[in-house]
Every structure is written in C-alpha cells, then in structure tokens.
Engineer: 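If you scroll down you'll find the structure; I have some questions about it.
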Amino acid sequence: MTRIAIIGNAGGGKSMLGRHLGRMLRLPVHSIDDVQWGPGWTRRPADRLDEAHATWLQRDRWIIDGWGSWALISARFAAADTIVVVDFPFRVHVRWALQRQVEVALGWRRDWPPEGCAAWPITKELLRVMRYVDRELRPSLLALARDARFADRVVYLRSPRALRE
C-alpha cells in the first residue's frame with residue numbers, strides 16, 4: 001500500500017485513519033479540506049484544489065483523505081492501490097462529528113478544522129451536509145467503489161470496530 005484514497009461521510013475518522021496509516025507506512029498525508037477551504041470556511045477556487053490534487057497523484061506515495069469533485073474522486077480511485085470507504089451507520093457519523101465539534105470547541109483537539117476555520121459555528125451546516133451526503137452522495141460513491149475498475153482495491157469500514165482493527 002503506497003497510494004491510499006480514504007473517503008466517507010464526515011465524522012467517520014478518515015483524517016485520523018489517514019494520519020495513523022501515514023505514520024505506520026511512512027506515507028505523506030494530504031487532506032482535501034485543507035486545500036478546499038480558506039479562512040472562515042470560504043471555498044477556495046476549484047482550480048487550486050485541482051492543481052494540488054494533480055500534484056499529489058503524480059507522486060509514487062500518498063494518502064489522500066476527503067472528497068472533492070467526482071472527477072477528482074474518479075482520478076484518485078484510478079491512481080490508488082487501496083481505496084478505503086468509511087461507511088458507518090449514519091448515527092455513528094453524527095455522534096462522532098458532534099463529539100469532535102465539542103472537543104474542538106473545548107480546545108481538547110487541534111487536528112481539525114482547517115486553519116482559519118472555527119468548528120462550532122458551522123455545526124448546524126455540517127449536520128445538514130452530512131444528511132445530504134448520506135442520502136444523495138453515498139449511493140453514488142458506493143456505486144463508484146463497486147465499479148469493476150476499482151472493486152478489487154476497495155476496503156469497506158462499516159463499523160468503529162473495523163476502523164480500530
């Protein structure tokens with residue numbers, strides 16, 4: 001495993017998994033959120049993410065965590081030797097996302113959100129987006145992961161226990 005794509009709904013531990021695997025496998029870890037969002041949760045121009053993503057994919061070794069456009073996801077899946085889909089029950093994603101929001105607000109965590117972004121003020125929007133991802137994007141993501149081009153490289157994490165293991 002030298003090129004790993006990690007994707008799933010918010011609150012599933014994708015970034016923590018990426019950092020852990022990065023340390024274990026000595027791979028550089030890249031987060032879509034860190035490039036996609038500017039201070040105050042302003043969306044940066046798409047070409048900035050496209051350029052960063054293309055640069056990451058050109059390298060021999062990487063972990064990329066997050067979403068981006070479908071075109072970026074497809075390119076990442078095509079270049080990855082391992083695709084990790086974090087697909088917990090929705091309630092687990094919500095519980096973990098809310099726990100993260102509280103921990104960040106209390107100063108117990110400093111690994112999220114991206115620099116210049118405050119966690120607590122976007123909590124309501126985060127939950128709305130998470131519901132949208134679960135209902136609207138998840139089916140397309142799972143269909144893409146089942147595509148014959150990628151299916152043999154996909155690892156599904158369907159529970160917190162599977163993530164820990």
Side-chain angles (χ1 to χ4, degrees), residues 1 4-25 27 29-44 49 53 62-74 76-77 80 82-147 150-165:
M1 292 192 311
I4 304 170
I6 304 174
I7 195 164
N9 207 339
K14 297 180 305 295
S15 297
M16 291 178 79
L17 174 62
R19 287 191 300 273
H20 178 73
L21 289 174
R23 284 189 301 272
M24 280 182 40
L25 301 172
L27 297 173
V29 180
H30 309 285
S31 173
I32 297 292
D33 281 353
D34 290 345
V35 178
Q36 184 169 262
W37 299 107
W41 294 104
T42 56
R43 188 175 292 274
R44 291 188 171 130
L49 178 56
H53 193 265
W62 46 260
I63 297 173
I64 301 174
D65 144 43
W67 284 76
S69 68
W70 287 109
L72 293 184
I73 293 167
S74 294
R76 188 176 329 136
F77 279 21
T82 307
I83 301 164
V84 179
V85 177
V86 179
D87 188 34
F88 300 160
F90 183 65
R91 70 183 183 286
V92 174
H93 284 275
V94 169
R95 186 175 74 238
W96 282 16
L98 290 174
Q99 179 180 339
R100 177 187 64 197
Q101 297 297 94
V102 169
E103 290 173 356
V104 169
L106 294 173
W108 297 350
R109 286 181 62 170
R110 303 225 187 286
D111 59 332
W112 188 87
E115 190 173 333
C117 299
W120 195 251
I122 58 111
T123 301
K124 185 176 178 180
E125 177 66 9
L126 173 64
L127 293 172
R128 187 193 67 74
V129 168
M130 289 175 68
R131 173 59 71 191
Y132 175 77
V133 167
D134 186 63
R135 288 183 178 165
E136 304 296 328
L137 302 183
R138 180 178 170 269
S140 297
L141 174 63
L142 294 177
L144 182 65
R146 285 190 303 268
D147 185 293
F150 312 126
D152 63 336
R153 295 180 257 163
V154 178
V155 176
Y156 295 93
L157 300 180
R158 300 200 189 270
S159 70
R161 181 178 180 184
L163 177 67
R164 286 189 302 272
E165 290 174 355

Engineer: Which atoms form the tightest heavy-atom contact between Gly40 and Cys117, and what is the distance?
Structural biologist: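 Of all heavy-atom pairs spanning Gly40 and Cys117, the closest is N-SG, 4.1 Å.
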
Engineer: Is any side-chain heavy atom of Phe77 closer than 4.5 Å to one of Val154?
Structural biologist: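 Result no, sub-4.5 Å side-chain heavy-atom pair not found.
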
Engineer: More than 12 heavy atoms of other residues, nucleotides or ligands under 6.0 Å from CD of Glu115: yes or no?
Structural biologist: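 Atom CD in Glu115 is not crowded, with 12 or fewer foreign heavy atoms closer than 6.0 Å.
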
Engineer: Testing the basics here: between Gly12 and Leu163, what is the closest heavy-atom pair and its distance to 0.1 Å?
Structural biologist: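 The answer is O-CD2, 3.7 Å.
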
Engineer: When rounded to the nearest 0.5 angstrom, what distance separates CZ in Arg138 from OH in Tyr132?
Structural biologist: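 The CZ atom of Arg138 sits 15.0 Å away from the OH atom of Tyr132.
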
Engineer: Roughly how far, to the nearest 0.5 Å, is CZ of Arg100 from OG1 of Thr123?
Structural biologist: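 The CZ atom of Arg100 is 9.0 Å from OG1 of Thr123, to the nearest 0.5 Å.
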
Engineer: Could I get the full list of side chain to side chain contact (heavy atoms under 4.5 Å, CB included) partners for Phe90, not counting sequence neighbours?
Structural biologist: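 For Phe90 the side chain to side chain contact (heavy atoms under 4.5 Å, CB included) partners, ignoring immediate neighbours, are Asn9, Val94, Met130, Arg131, Asp134.
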
Engineer: Would you confirm whether His93, through its side chain, and Ala10, through its main-chain N or O, come within 3.5 Å as a donor-acceptor pair?
Structural biologist: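 Confirmed, His93 side chain pairs with Ala10 backbone.
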
Engineer: As an exercise, state the distance from CE of Met1 to CD1 of Ile63, rounded to the nearest 0.5 Å.
Structural biologist: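 Met1 atom CE to Ile63 atom CD1 measures 7.5 Å (nearest 0.5 Å).
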
Engineer: How close do Ile73 and Gly68 get, counting heavy atoms only, and between which atoms?
Structural biologist: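 Shortest heavy-atom contact: CD1-O, 3.8 Å.
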
Engineer: Ser69: which residues meet the side chain to side chain contact (heavy atoms under 4.5 Å, CB included) condition with it, sequence neighbours left out?
Structural biologist: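 Once residues adjacent in sequence are excluded, the partners of Ser69 under the side chain to side chain contact (heavy atoms under 4.5 Å, CB included) criterion are Ala71, Leu72.
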
Engineer: Which pair of non-hydrogen atoms, one from Ala151 and one from Arg146, has the smallest distance, and what is that distance?
Structural biologist: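 For Ala151 and Arg146, the tightest heavy-atom pair comes out as CB-O, 3.7 Å.
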
Engineer: Take Gln101 and Ile122, measure what side-chain contact (heavy atoms from CB on, under 4.5 Å) needs, and give me the verdict at the end.
Structural biologist: CA-CA 9 Å; Gln101 297 297 94; Ile122 58 111; 4.3 Å; yes

Engineer: Heavy atoms, side chains only, cut-off 4.5 Å: are Trp120 and Leu106 in contact?
Structural biologist: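 No, side chains not in contact.
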
Engineer: If you take all heavy atoms of Glu136 and Ser140, which pair is closest and at what distance?
Structural biologist: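 For Glu136 and Ser140, the tightest heavy-atom pair comes out as O-OG, 4.1 Å.
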
Engineer: May I ask you to test the Asp33-Pro113 pair for a side-chain heavy-atom distance under 4.5 Å?
Structural biologist: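 Contact flag for Asp33/Pro113 side chains = no.
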
Engineer: Are the side chains of Trp96 and Pro160 in touch, meaning some heavy atoms are under 4.5 Å apart?
Structural biologist: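 Counting from C-beta outward, Trp96 and Pro160 do come under 4.5 Å.
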
Engineer: Give, for atom CD of Gln36 and atom NE2 of His53, the distance between the pair rounded to the nearest 0.5 Å.
Structural biologist: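 Going from CD on Gln36 over to NE2 on His53, the span is 11.0 Å.
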
Engineer: If you round to the nearest 0.5 Å, how far is CG of Asp34 from OG of Ser15?
Structural biologist: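 Here the interatomic distance stands at 7.5 Å.
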
Engineer: Determine whether Val133 and Leu141 make a side-chain contact, defined as any pair of heavy atoms from C-beta on separated by less than 4.5 Å.
Structural biologist: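 No, every pair of side-chain atoms sits at 4.5 Å or beyond.
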
Engineer: Heavy-atom distance under 4.5 Å between the side chains of Val29 and Trp62, does that happen here?
Structural biologist: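 They are not in contact (no side-chain heavy atoms under 4.5 Å apart), so the answer is no.
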
Engineer: Is there a side-chain contact between Leu21 and Leu27, using heavy atoms and a 4.5 Å cut-off?
Structural biologist: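 No, side chains not in contact.
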
Engineer: Taking side chain to side chain contact (heavy atoms under 4.5 Å, CB included) as the criterion, tell me which of Val85, Val86, Ile32 meets it with Ile7.
Structural biologist: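 Of the listed residues Val85, Val86, Ile32, the side chain to side chain contact (heavy atoms under 4.5 Å, CB included) partner of Ile7 is Val85.
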
Engineer: Show your working on side-chain contact (heavy atoms from CB on, under 4.5 Å) between Leu49 and Trp37 and close with a plain yes or no.
Structural biologist: CA-CA 9 Å; Leu49 178 56; Trp37 299 107; over 6 Å; no

Engineer: What is the distance from atom CD1 of Ile4 to atom CG of Leu17, rounded to the nearest 0.5 Å?
Structural biologist: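 Here the rounded value is 8.0 Å.
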
Engineer: Could you check whether any side-chain N or O of Trp67 sits under 3.5 Å from a backbone N or O of Gly8, counting only pairs where one atom can act as donor and the other as acceptor?
Structural biologist: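 Indeed, once roles are kept as given, a pair shorter than 3.5 Å links the two residues.
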
